[in-house]
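Worksheet: the structure to be examined is printed underneath.
None of these values were measured; they are calculated from a predicted model. Hydrogens, waters and symmetry mates are skipped; everything else that's a heavy atom, side chains included, is used. The sequence lines fix the lettering, A, B, ..., with proteins before strands; numbering per chain opens at 1.
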Protein chains: 2
Amino acid sequence: MTYRFPSLNGLKAFEAAARHQSFKAAAAELGVTPGAVSQQVKRLEASLGISLFRRLPQGLLLTREGGAYLPKVSRAFDLLTDATEAVAPALNGRKLSVGISERLIAHLPKGWPRHSKALDAYIRETRISEDVELIWSNDLDALLLDRQTRQANLSEHEIVAGDGAHAFFIVTRYGLANCRQTQAIIDELSR
Amino acid sequence: MTYRFPSLNGLKAFEAAARHQSFKAAAAELGVTPGAVSQQVKRLEASLGISLFRRLPQGLLLTREGGAYLPKVSRAFDLLTDATEAVAPALNGRKLSVGISERLIAHLPKGWPRHSKALDAYIRETRISEDVELIWSNDLDALLLDRQTRQANLSEHEIVAGDGAHAFFIVTRYGLANCRQTQAIIDELSR
DNA sequence: CGGATAGAGTGAGATTTTCTATGCCTTGCA
DNA sequence: TGCAAGGCATAGAAAATCTCACTCTATCCG
């Protein structure tokens with residue numbers, strides 16, 4: 001058995017663009033420029049031999065084929081996400097050690113994370129740091145940053161504060177990207 | 001909604017290595033060197049934060065986590081393959097135009113593809129060529145080669161002849177990689 | 001025991017892929 | 001008409017990935 005399908009980056013770009021009906025919005029989600037998304041989608045269309053979007057001056061419109069493709073691709077991504085979550089390193093309820101960017105502190109809820117009962121169950125300690133190396137060395141489980149850094153081979157997820165005034169980014173190994181502990185932090189900061 | 005999972009190349013390497021229980025065999029399937037597979041898997045393990053294989057001198061052994069991950073990843077790849085097949089360009093039963101490498105002719109079944117009733121229904125014409133450009137320009141639907149060429153953004157699938165004496169490679173757009181017509185060619189050459 | 005073989009790991013450098021930066025074109029709207 | 005937005009093209013920069021050459025360990029034989 002050998003599987004045959006086009007490049008994942010292309011599929012990711014397509015999936016995000018289709019969901020947002022916009023290259024620009026997709027680019028923002030993926031943390032790249034709209035041009036990159038445009039190129040990825042174009043390559044994908046070429047490699048499939050069909051066109052997935054109609055480009056209108058007002059924006060994008062999925063073609064019939066694109067519309068049929070989207071839900072299936074999304075479903076596959078769901079599976080990968082779930083599978084990845086399931087093999088997360090056995091934390092066994094261990095609390096996380098979280099690094100926080102100096103610049104971020106002013107924008108965090110007052111007394112964070114102490115004031116939050118919810119997070120008490122998930123965070124062991126916080127430290128001032130933006131050093132990704134501490135993740136690789138297992139000194140930190142997660143890093144809260146104030147801007148996107150696009151670390152290779154690490155999950156970086158945007159968190160938009162409830163008031164919309166700030167955006168945070170949480171960096172972890174993929175194995176921890178979807179676990180209960182990480183999710184709790186995201187939920188808490190999203191309010 | 002935004003999906004979070006590690007690089008597809010890493011997952012592909014893992015999936016193939018796990019299936020074969022060997023980096024070497026996986027490398028052959030993927031058309032790269034064993035070193036590349038080793039690096040991919042290592043990166044994947046690092047980015048998940050767990051180890052997927054135990055490396056023994058005799059070969060590989062999936063860890064518990066690796067064993068749990070494999071079937072789910074395979075399933076996701078299945079979905080992507082199916083989805084890709086389903087959006088294949090509407091051939092509507094159209095027959096394919098196939099390019100054949102000069103060097104290959106001697107190794108094809110005698111009188112191929114004429115003598116095969118099965119292929120009559122799927123092949124319109126064959127032409128001597130190894131020019132991938134003819135695929136991009138839609139002059140050809142598929143190309144039969146005698147060696148791997150690793151074309152970017154095209155599906156390249158190995159076909160091992162029934163007698164095991166020869167290997168062919170069929171190159172198409174991904175949209176045509178799994179369609180009935182292509183499958184018929186693969187089946188016919190595999191006997 | 002000694003040599004040959006087989007599979008996996010490493011690191012440097014080459015190659016390929018992907019991204020950014022710019023500028024252009026079209027449309028919609030004040 | 002002037003301007004903002006969205007998408008597109010292309011060249012060059014940046015990053016990811018692969019190959020190559022070599023090492024290490026274990027196994028298989030004679």
Please determine, for the side chain of B/Ala36, which listed nucleotide (D/dT19, C/dT18, C/dT20) has the closest atom? D/dT19
Is there a side-chain polar atom (N or O) of A/Lys42 under 4.0 Å from OP1 or OP2 of D/dG7? no
Under the salt bridge (Lys or Arg N to Asp or Glu O under 4.0 Å) criterion, do A/Arg94 and A/Asp141 qualify, and how do the steps go? CA-CA 11 Å; A/Arg94 209 192 76 222; A/Asp141 297 303; 2.7 Å; yes
Begin with the C-alpha distance, continue with both residues' side-chain angles, and end with the deciding distance and a verdict on side-chain contact (heavy atoms from CB on, under 4.5 Å) for A/Phe23 and A/Val41. CA-CA 9 Å; A/Phe23 286 172; A/Val41 171; 4.1 Å; yes
Under 4.0 Å: is that the gap between some side-chain N or O of A/Gln40 and OP1 or OP2 of C/dC19? yes
Under 6.0 Å between the ring centres of A/Tyr174 and B/Phe5? no
Rounded to the nearest angstrom, tell me the gap between atom CD in B/Gln21 and atom C1' in C/dG7. 14 Å
Whole-Å distance between C/dG28 C1' and A/Arg55 CZ? 20 Å
Quickly work out the A/Phe53 CZ to D/dG7 P distance and round it to whole Å. 10 Å
Would you say A/Arg150 reaches D/dA14's phosphate, i.e. side-chain N/O to OP1/OP2 under 4.0 Å? no
Write down the distance between CG (A/Leu30) and C1' (C/dC19), rounded to a whole number of angstrom. 12 Å
To the nearest angstrom, the CZ-P distance between B/Phe23 and C/dT10 comes to 10 Å
Look at the side chain of A/Gln39 and decide which nucleotide, out of C/dG9, D/dC8, C/dT20, has an atom nearest to it. C/dT20
Students often get this wrong, so: under 4.0 angstrom with heavy atoms, is B/Thr33 touching a base, only sugar-phosphate, or nothing? base
Over how many whole Å does the gap from A/Leu154 atom CG to D/dA15 atom C1' extend? 15 Å
CA sep, side-chain torsions, deciding dist, call: A/Arg4, B/Glu156, salt bridge (Lys or Arg N to Asp or Glu O under 4.0 Å): CA-CA 8 Å; A/Arg4 301 204 286 289; B/Glu156 181 169 51; over 6 Å; no
Between C1' of D/dA16 and CG of A/Asn9, the distance in whole Å: 10 Å
So, is A/Ser38 near the phosphate of D/dG7, with a side-chain N or O under 4.0 Å from OP1 or OP2? no
Shortest side-chain distance from B/Val32, nucleotide among C/dT27, D/dT19, C/dA8: D/dT19
Rounded off to whole Å, could you give me the NZ-to-P distance for the A/Lys12 and C/dT17 pair? 18 Å
Where does the angle between the aromatic ring planes of A/Phe14 and A/Phe53 fall among parallel (under 30°), tilted (30 to 60°) and perpendicular (over 60°)? tilted
Is there a side-chain polar atom (N or O) of A/Gln58 under 4.0 Å from OP1 or OP2 of D/dG6? no
